[in-house]
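Let me begin by presenting the structure, written as structure tokens, before commenting on it.
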Amino acid sequence: MIDNISLRGGTARGQRRARRPLAPRIRALVEAYILLAPSLAGFLLFLVAPIFGVAVLSLFDWNLMGAPSFVGLANYRELAADPEVWRAVLNTIYYVLLNIPAQTVLALLLALALNRRMRGGKALRVIFVLPWMAMPVALGVIWTWVFDPRYGAVNQLLGLVGIDGPNWLTDPAWAMPVIASVNIWQYTGYTMLILLAGLQAIPHQLYEAAAIDGTTPVQRFFTITLPLLRPSLFFVLVTNTIGSFQIFDTVFVMTQGGPGGATDVLNFHIYQQGFQLFRSGYASALAMVLFGLILLITAAQFLYFRKRTVYDFS
């Protein structure tokens, strides 16, 4: 009897000892969720909930004043047959193709130049990043004057060498490249800063070993710098692409979607439908199209970089 009680007591104590490790883990899990709660609440409140609300609103017809009426997928059917929507999508893609490659290449060249030890290098970094800190609306006003066909600085400089500059913002062939050039000028410094941080994280011993093996600077760039810079490139390409698809401020200030719809990007078209024509349901459907387009491009970037990115430099 005593032996049975002892065995039961020993078994109970063993079970308690086996259960004890769960308590610290549960406590750590609870503490983690408590610390994550503010950020998680913000994520759910300001990102997930608005996306869900827009998705629901896209199924209604609402002018922001009366009672909304359910129309199902009618908004999506209408936008699929609307040539202005497809023009806005193509304009947006055109802008992204103008902006992202030029911005990334220029930022990489600047980062490579500033990664060297040079006098005034820190001051140059600050100068290149300053445009990123400015307000896009204010910059749009300034650049509208710079590209003015009669009094703008660009045509004045071209006139000094005998070139008659075009009407930059009223010419359909030039309006979108001008919009892209303004944003390239503003955001290249920020992209350069991210790439410069990635360059400085690459161990210098790798370059020394490659130089001993007799490799050229070009070979070292393609075999060492570019592969180990892929995490930084992945970050800037994803974030800059998402930002480029959401271009609005510069278009709103400089061209209002003109001339002739040449700069009518998707985000500006959403603004027109929602806040000028008061078709919030249709604008929400357009917003979901933009969201799906960004999601698709971002997923493709993730899939491309997933097996091509090196995070361990050791």
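Note that the structure is a prediction, hence the values are computed from the model and not measured.
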Inset, instruction - For atom CZ of F52, decide whether the heavy atoms of other residues, nucleotides or ligands shown that lie under 6.0 angstrom number more than 12. - result: no
Legend entry - T188 vs F128 side-chain heavy atoms within contact, under 4.5 Å: no
Inset, instruction - For E208 and H204, indicate whether the former's side chain and the latter's backbone hold a donor-acceptor pair under 3.5 Å. - result: no
Inset, instruction - Answer yes or no: is there a side-chain heavy-atom contact under 4.5 Å between F43 and L36? - result: no
Legend entry - Spatial distance of atom CZ (F268) from atom CD (Q272) [nearest 0.5 Å]: 4.0 Å
Legend entry - M288 to I51 - nearest heavy-atom pair and separation: SD-O, 4.3 Å
Inset, instruction - Verify side chain to side chain contact (heavy atoms under 4.5 Å, CB included) between V265 and F248, making sure each step is shown before the conclusion. - result: CA-CA 8 Å; V265 292; F248 173 78; over 6 Å; no
Legend entry - Linked, directly or transitively: I142 and Y151 (ILVMFWY side chains, under 4.5 Å): no
Inset, instruction - Tell me yes or no: between the side chains of T191 and N240, is some donor less than 3.5 Å from an acceptor? - result: yes
Legend entry - Cluster link L286 to L73, ILVMFWY, side chain under 4.5 Å: yes
Inset, instruction - Answer yes if L79 and L277 sit in the same cluster of Ile, Leu, Val, Met, Phe, Trp and Tyr residues linked by side chain heavy atoms under 4.5 Å apart, and no otherwise. - result: no
Inset, instruction - Could you give me the CA-CA distance, side-chain angles and deciding distance for N267 and I247, then say whether side chain to side chain contact (heavy atoms under 4.5 Å, CB included) is met? - result: CA-CA 7 Å; N267 219 9; I247 175 69; 5.7 Å; no
Inset, instruction - Might you point out which heavy atoms bring P101 and L97 nearest each other, and give the distance in Å? - result: CD-O, 3.1 Å
Inset, instruction - Determine, stepwise, if the pair E78 / R279 fulfils salt bridge (Lys or Arg N to Asp or Glu O under 4.0 Å). - result: CA-CA 12 Å; E78 181 181 350; R279 301 184 64 196; 2.9 Å; yes
Legend entry - Cation-pi geometry met for R230 and F234 (6.0 Å, 45°): no
Inset, instruction - Verify the distance criterion only: is there a donor paired with an acceptor across the side chains of S58 and Y76 at less than 3.5 Å? - result: yes
Legend entry - Side-chain heavy atoms of W168 within contact of P149, under 4.5 Å: no
Inset, instruction - Would you indicate whether the side-chain heavy atoms of V30 and Y33 approach each other to under 4.5 Å? - result: no
Inset, instruction - Could you tell me whether the side chains of Y207 and T225 share a donor-acceptor contact shorter than 3.5 Å? - result: yes
Inset, instruction - Kindly indicate whether the side chain of T215, heavy atoms from C-beta on, has any atom under 4.5 Å from the side chain of T223. - result: no
Legend entry - Atom pair CG/CG of L108 and L233 - distance to nearest 0.5 Å: 6.5 Å
Inset, instruction - Take L206 and L228, measure what side chain to side chain contact (heavy atoms under 4.5 Å, CB included) needs, and give me the verdict at the end. - result: CA-CA 11 Å; L206 297 176; L228 297 184; 3.4 Å; yes
Inset, instruction - Verify, without hydrogens or angle tests, whether W86 (side chain) and A80 (backbone) share a donor-acceptor contact under 3.5 angstrom. - result: yes
Inset, instruction - Indicate whether any N or O donor in one side chain lies under 3.5 Å from an N or O acceptor in the other, for N167 and W174. - result: no
Inset, instruction - Calculate, to the nearest 0.5 Å, the distance between atoms CD1 and CE belonging to I194 and M192 respectively. - result: 10.0 Å
Inset, instruction - Taking the side chain as every heavy atom from C-beta outward, state whether L98 and I184 have any pair of such atoms under 4.5 Å apart. - result: no
Inset, instruction - Determine whether M133 and L130 make a side-chain contact, defined as any pair of heavy atoms from C-beta on separated by less than 4.5 Å. - result: yes
Legend entry - Nearest atoms (heavy-atom pairs only) where T263 meets V251: O-CG1, 3.3 Å
Legend entry - Min side-chain heavy-atom separation N183-Q103 under 4.5 Å: no
Inset, instruction - Evaluate the criterion side chain to side chain contact (heavy atoms under 4.5 Å, CB included) for residue pair D249 and F252; output intermediate values, then yes/no. - result: CA-CA 5 Å; D249 309 77; F252 179 80; 5.8 Å; no
Inset, instruction - Check the hydrophobic clustering (I, L, V, M, F, W, Y; side-chain heavy atoms under 4.5 Å; chains of links allowed) and say if L57 and F46 are grouped together. - result: no
Inset, instruction - Please say whether more than 12 non-hydrogen atoms of neighbouring residues, nucleotides or ligands are located less than 6.0 Å from CG in D213. - result: yes
Inset, instruction - Take atom CZ of F275 as the centre, draw a 6.0 Å sphere, and report whether it contains more than 12 heavy atoms from other residues, nucleotides or ligands. - result: no
Inset, instruction - Please check if the side chain of E31 supplies one atom and the backbone of I26 the other of a donor-acceptor pair under 3.5 Å. - result: no
Inset, instruction - To the nearest 0.5 Å, tell me how far I202 CD1 sits from N115 CG. - result: 8.0 Å
Legend entry - Between CG on residue L293 and OG1 on residue T92, distance to nearest 0.5 Å: 8.0 Å
Inset, instruction - Classify the side-chain pair N99/Y94 by whether it contains a donor and acceptor separated by less than 3.5 Å. - result: no
Legend entry - Over all atoms of both residues, closest heavy-atom pair of G198 and S232: CA-OG, 3.3 Å
Inset, instruction - Examine L296 and V289 and state if one hydrophobic cluster contains both, with Ile, Leu, Val, Met, Phe, Trp and Tyr joined whenever side-chain heavy atoms are less than 4.5 Å apart. - result: no
Inset, instruction - Over all heavy atoms of both residues, which pair between M176 and N91 is shortest? Give the atoms and the distance, please. - result: CE-O, 3.6 Å
Legend entry - Interatomic spacing from CG in N63 to CZ in F278 - rounded to 0.5 Å: 9.0 Å
Inset, instruction - Looking only at non-hydrogen atoms, find the nearest pair between L35 and P38 and report the distance. - result: O-CD, 3.4 Å
Inset, instruction - Might you confirm whether atom CH2 of W185 has over 12 heavy atoms from other residues, nucleotides or ligands at distances under 6.0 Å? - result: yes
Inset, instruction - Could you tell me whether the side chain of N155 and the main chain of P166 form a donor-acceptor pair under 3.5 Å? - result: yes
